[in-house]
Number of protein chains: 4
Amino acid sequence: MATEMSIQAAFQEVMAASGEIPPKQQQVLTASLALFAEQGFANTTTKQIAERAGVAEGTVYRRYKTKDELLAAVLAPFTTEVLPKLVKEFAAKVVRQKYTTRHALITAVITDRLAFLQDNSQVMRVLVTELLVRTDLREQFLARAVPMVQANLYPILDQLKAVQELPDWPNDRIAQFMIGTMVSQFIRSSFTAEPVATVGPLMIQFLEQGLAPEPTA
Amino acid sequence: MATEMSIQAAFQEVMAASGEIPPKQQQVLTASLALFAEQGFANTTTKQIAERAGVAEGTVYRRYKTKDELLAAVLAPFTTEVLPKLVKEFAAKVVRQKYTTRHALITAVITDRLAFLQDNSQVMRVLVTELLVRTDLREQFLARAVPMVQANLYPILDQLKAVQELPDWPNDRIAQFMIGTMVSQFIRSSFTAEPVATVGPLMIQFLEQGLAPEPTA
Amino acid sequence: MATEMSIQAAFQEVMAASGEIPPKQQQVLTASLALFAEQGFANTTTKQIAERAGVAEGTVYRRYKTKDELLAAVLAPFTTEVLPKLVKEFAAKVVRQKYTTRHALITAVITDRLAFLQDNSQVMRVLVTELLVRTDLREQFLARAVPMVQANLYPILDQLKAVQELPDWPNDRIAQFMIGTMVSQFIRSSFTAEPVATVGPLMIQFLEQGLAPEPTA
Amino acid sequence: MATEMSIQAAFQEVMAASGEIPPKQQQVLTASLALFAEQGFANTTTKQIAERAGVAEGTVYRRYKTKDELLAAVLAPFTTEVLPKLVKEFAAKVVRQKYTTRHALITAVITDRLAFLQDNSQVMRVLVTELLVRTDLREQFLARAVPMVQANLYPILDQLKAVQELPDWPNDRIAQFMIGTMVSQFIRSSFTAEPVATVGPLMIQFLEQGLAPEPTA
DNA sequence: GATGAATGAGCTTTCATTCAT
DNA sequence: AATGAATGAAAGCTCATTCAT
């Protein structure tokens with residue numbers, strides 16, 4: 001099961017959709033994302049961005065009035081376009097296929113979303129780093145992401161709980177364990193550049209066992 | 001079970017070890033840690049540090065010749081003093097108590113290490129953020145931490161595997177799942193300021209189930 | 001007595017004189033004048049001008065190659081067209097009507113020129129401000145204006161001095177007192193937005209008394 | 001009658017009084033005033049200021065966080081220190097000497113205040129130019145200056161009106177004519193660099209006649 | 001040791017000006 | 001003629017670092 005869409009692809013789509021985003025501005029966004037991921041936002045200068053993008057420094061400021069706006073523009077597609085689409089596509093697929101076991105659910109989540117994380121490690125990295133440091137971004141992101149996960153993942157969890165496929169734990173904990181297990185993989189591969197492929201089956205098994213309902217005594 | 005040592009205590013020790021303990025330098029370190037945790041290293045100015053520490057800007061440079069050295073000094077106790085001591089104390093305790101079930105191991109890890117993360121959330125936060133961004137720090141940290149975990153945790157894991165208390169997975173994966181589950185909690189509480197206490201039992205159960213050995217057919 | 005010519009009218013004339021009248025250029029000049037008057041020349045950007053004029057930024061540069069040329073174009077009608085015409089018309093009228101009392105002269109000056117200042121307060125403001133700051137403009141302006149006043153006003157003053165209607169002061173002083181009294185009114189209304197109409201009679205009386213010849217003992 | 005205090009002197013006094021204004025900061029203020037007067041605020045760069053002051057560019061920003069604050073600091077002594085002192089000293093002197101004729105009053109005003117304007121032509125020039133262009137500064141200045149003049153000059157005018165030494169015009173008009181006549185001289189000398197000394201007697205006579213009460217029929 | 005004024009390299013940002021379309 | 005994206009020199013400003021006191 002392949003990733004439906006990477007952030008880069010989303011960039012392209014958004015730009016093409018708007019129709020009016022000049023190519024140089026795309027180069028600026030692409031260069032910004034790459035540099036932010038490599039060095040962090042604060043350690044990246046607008047001069048570096050201009051050089052990498054092959055444009056003049058003034059061009060960086062043509063569409064985005066400040067460096068902060070540039071960061072927002074780089075991260076925006078993730079929260080406003082990609083994340084909703086991914087969550088909804090995922091939910092739709094799960095619902096369509098009427099997963100009735102946690103095995104099926106977890107397999108879907110891991111294979112699908114892990115590949116997504118992998119494909120978008122650049123943006124993920126920028127996002128995680130900045131969320132750790134910027135209160136405003138964090139609140140803005142959580143305000144969008146949390147309800148989205150609640151609306152799309154929680155009903156599925158409730159369903160599986162009803163058929164004894166999941167323990168009677170709070171949904172946010174179950175989600176935390178799933179997401180946490182994946183993020184741990186993301187951070188690890190971000191550190192050590194190891195191939196993700198191998199960990200998939202193990203992770204599925206770990207989660208499947210970990211999220212098994214307690215044996216009804 | 002209380003934390004054996006917090007970073008603040010470690011600061012004291014490091015200070016004591018280096019002979020003299022200029023109180024102003026202690027204030028500088030404390031202020032730096034707090035500000036780096038709040039705003040990130042790159043977004044913190046030496047002026048802010050001086051103000052919060054109640055010293056002149058020049059004083060910040062008395063002991064540490066650059067801002068980078070200050071970051072190193074803030075993080076050093078963690079990698080050079082706290083982390084080794086913690087891992088070793090933990091291993092010693094485990095060995096001493098001859099844990100023969102993963103339940104006992106996981107309970108010990110979660111209650112003990114989670115409290116530790118909690119107590120040192122400031123340094124943890126600075127550490128995680130900077131490790132994501134600075135290649136040099138990352139390599140340096142991994143070069144120290146990985147062998148340490150390997151030397152102290154892996155033998156215990158092997159032992160438990162031998163008595164069918166853990167599945168026959170690579171040790172680094174088992175460690176990843178345990179650490180990842182804890183770090184996910186750290187990041188979550190870092191984002192939402194929820195009390196950690198409540199999650200303990202659930203986390204133990206999740207890990208215990210997740211790390212159960214596959215039923216030998 | 002109405003103003004013979006306002007700057008807006010002068011713009012039209014200058015435009016007509018130069019053959020074609022591109023309406024967009026007219027908009028550019030009008031917008032420039034308004035913005036220079038509101039914010040000063042140096043604080044106004046070509047982007048603001050383009051926006052207010054409803055044209056693209058490049059269009060601003062179609063006729064005027066630099067921003068300085070634009071300032072010159074805004075001020076030019078005043079010194080090259082309006083001022084000469086006004087002074088000469090004034091002189092002609094005075095001569096035609098054979099004013100033989102300073103009362104008649106001052107009344108004519110005040111009612112006529114004060115209305116003129118009022119109608120062209122925008123250009124006046126830009127002119128005064130820039131003359132205070134730009135040495136080159138100042139010299140250029142004085143080189144044109146001073147001789148003009150000398151040629152047209154001084155003979156009339158001499159005439160009135162001859163019939164004891166004016167004191168035997170240097171003409172430049174008499175002119176200074178008259179002009180200064182009017183300019184003071186212009187600056188005041190520019191600051192406080194008060195209606196000019198009311199001050200007319202008082203100003204006439206003040207000047208008439210102030211410029212009375214010393215009683216011949 | 002000499003000027004009691006020039007702006008430059010006021011600078012010195014304020015600086016000396018505060019005690020804590022380092023010499024380099026004085027150089028910055030002095031250089032700023034000179035350059036603003038020569039070229040206008042907007043046309044002066046912080047680099048020029050640093051060069052003229054003989055300091056590094058960063059030093060310009062040590063005490064004043066923005067260029068605007070520097071302008072405020074340059075003009076502040078005028079409104080907060082010099083203007084009040086001058087108006088009050090003047091009023092005190094007038095009252096002390098019990099002027100009962102407008103001749104005495106006008107002579108005092110002209111000789112005294114004209115010299116003041118002359119001595120402080122630099123600051124005056126910056127002040128006038130910026131008041132023409134900056135709405136905020138203008139309101140702030142008027143809010144201070146107008147009441148001050150009203151409180152100190154108007155009673156004296158009322159007194160002279162009572163003894164038929166001044167016409168029954170609104171005080172603000174009388175003040176306008178006096179101030180306007182002086183400002184006209186200031187602007188003229190600012191343009192042409194002529195010596196002021198010579199115009200004194202003529203100006204006194206002009207004002208004295210202009211402000212004579214209407215002959216009671 | 002401690003101070004904080006001073007430094008200046010380098011950053012973000014602005015904006016008059018150009019030019020392919 | 002008109003457009004507006006692109007330019008890049010130069011402006012305002014920041015801040016880690018130094019050093020005389």
Side-chain angles (χ1 to χ4, degrees), chain A residues 20-25 27-28 42-50 53-70, chain B residues 20 22-25 27-28 42-51 53-70, chain C residues 20 22-25 27-28 42-51 53-70, chain D residues 20-25 27-28 42-50 53-70:
Chain A
E20 296 305 321
I21 298 190
K24 299 234 170 180
Q25 296 300 328
Q27 295 166 34
V28 168
N43 303 319
T44 301
T45 70
T46 51
K47 192 177 184 181
Q48 288 177 319
I49 294 172
V55 302
E57 215 173 336
T59 306
V60 175
Y61 284 87
R62 176 135 188 94
R63 182 168 296 259
Y64 309 104
K65 286 189 288 291
T66 67
K67 202 183 156 197
D68 271 10
E69 267 189 32
L70 191 53
Chain B
E20 290 144 42
K24 300 229 166 181
Q25 294 305 325
Q27 295 164 31
V28 167
N43 302 320
T44 301
T45 69
T46 50
K47 191 179 183 183
Q48 288 176 316
I49 295 172
E51 271 169 16
V55 302
E57 222 177 327
T59 306
V60 174
Y61 284 83
R62 175 59 46 190
R63 180 174 295 259
Y64 308 104
K65 285 193 287 290
T66 69
K67 200 186 159 195
D68 272 359
E69 270 189 30
L70 196 50
Chain C
E20 291 142 43
K24 300 228 167 182
Q25 295 305 324
Q27 294 163 32
V28 167
N43 302 320
T44 300
T45 69
T46 51
K47 192 179 183 185
Q48 288 177 317
I49 294 172
E51 271 169 15
V55 301
E57 222 177 327
T59 306
V60 174
Y61 284 84
R62 173 63 42 191
R63 179 173 296 259
Y64 309 103
K65 285 193 289 289
T66 68
K67 200 183 158 197
D68 272 0
E69 269 188 30
L70 196 49
Chain D
E20 294 307 319
I21 298 189
K24 298 232 171 182
Q25 296 302 327
Q27 294 166 33
V28 167
N43 304 319
T44 301
T45 71
T46 51
K47 192 175 183 182
Q48 288 176 318
I49 294 171
V55 301
E57 213 174 335
T59 306
V60 174
Y61 285 89
R62 174 131 191 96
R63 181 169 296 259
Y64 309 103
K65 285 188 288 292
T66 66
K67 203 184 154 196
D68 270 10
E69 267 188 34
L70 191 52

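Small disclaimer: the values here were computed from a predicted structure and weren't measured. Each chain gets a letter, A, B and so on, in the order the sequences are listed, and its residues count up from 1.
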Original post:
Atom CD1 of I49(B) and atom C1' of dG4(E): how far apart are they, to the nearest Å?
Top reply: 16 Å
Subject >> Phosphate-side-chain proximity, K24(D) and dT7(E), N/O vs OP1/OP2 below 4.0 Å >> reply: yes
Original post:
Does the side chain of T46(B) get closer than 4.0 angstrom to OP1 or OP2 of dA16(F) through an N or O atom?
Top reply: yes
Subject >> D68(D) CG - dC13(F) C1' separation (whole Å) >> reply: 13 Å
Original post:
Is there a donor-acceptor pair under 3.5 Å between the side chain of K67(B) and the backbone N or O of Y61(B)?
Top reply: no
Original post:
So which one's nearest nucleotide on DNA chain E is more toward 5', T45(A) or P23(D)?
Top reply: P23(D)
**OP:** For E69(D) and T66(D), indicate whether the former's side chain and the latter's backbone hold a donor-acceptor pair under 3.5 Å.
**Re:** no
Subject >> A42(A) or T44(C), whichever maps to the more 5' nucleotide of DNA chain E >> reply: A42(A)
Original post:
Can you tell which of dA2(E), dT13(E), dA16(E) lies closest to the side chain of K67(C)?
Top reply: dA16(E)
Original post:
Counting any heavy atom closer than 4.0 Å, what does V55(C) reach on the DNA or RNA strands: base, sugar-phosphate only, or nothing?
Top reply: sugar-phosphate
Original post:
Where the side chain of A56(D) is concerned, which of dT12(E), dG8(E), dT3(F) is the nearest nucleotide?
Top reply: dG8(E)
Original post:
Atom CD1 in I49(C), atom CD in Q27(C): separation rounded to 0.5 Å?
Top reply: 13.5 Å
Subject >> Contacts of A42(B) that satisfy side chain to side chain contact (heavy atoms under 4.5 Å, CB included) - sequence neighbours left out >> reply: A42(A), N43(A)
Subject >> Partner residues of E57(D) under the side chain to side chain donor-acceptor pair (under 3.5 Å) criterion, sequence neighbours left out >> reply: T46(D)
**OP:** Mind checking which stems touch DNA chain F? I mean at least 3 consecutive Watson-Crick or G-U pairs, both distances under 3.5 Å.
**Re:** E:2-21 with F:2-21
**OP:** Please figure out whether V60(C) or K65(D) has its closest DNA chain F nucleotide nearer the 5' end.
**Re:** V60(C)
**OP:** Let me know the distance between CG of L70(A) and P of dT14(E), rounded to the nearest Å.
**Re:** 14 Å
Original post:
So which nucleotide from dA5(E), dA6(F), dT3(F) ends up closest to the side chain of T59(C)?
Top reply: dT3(F)
Subject >> Nucleotide dA5(F), atom P - distance to OH of Y64(A) in whole Å >> reply: 12 Å
**OP:** Can you tell me the distance, in whole Å, between the NZ atom of K47(D) and the C1' atom of dA9(E)?
**Re:** 12 Å
Subject >> N/O donor-acceptor pair under 3.5 Å between Q25(D) side chain and P22(D) backbone >> reply: no
Subject >> dA6(E) OP1/OP2 closer than 4.0 Å to side-chain N/O of Q25(D) >> reply: yes
Original post:
Which one, dT3(F), dT13(E), dT17(F), comes nearest to the side chain of T66(A)?
Top reply: dT13(E)
**OP:** Would you indicate which nucleotide in dT3(E), dC15(E), dT14(F) comes nearest to any side-chain atom of Y61(D)?
**Re:** dT14(F)
Original post:
Is there a donor on the side chain of R62(B) or the base of dA2(E) sitting less than 3.5 Å from an acceptor on the other?
Top reply: yes
**OP:** Would you mind reading off the distance between R63(C) atom CZ and dA16(E) atom P, rounded to a whole angstrom?
**Re:** 21 Å
**OP:** Take atom CD of E57(B) and atom C1' of dT14(F), then tell me their distance rounded to the nearest Å.
**Re:** 11 Å
Subject >> Value rounded to 0.5 Å, distance of CG in L70(D) from NZ in K65(D) >> reply: 12.5 Å
Subject >> Non-hydrogen atoms of V55(B) and V60(B) that approach each other most closely >> reply: CG2-CG2, 4.3 Å
Original post:
Could you state the CD-P distance from E69(D) to dG12(F), rounded to the nearest angstrom?
Top reply: 15 Å
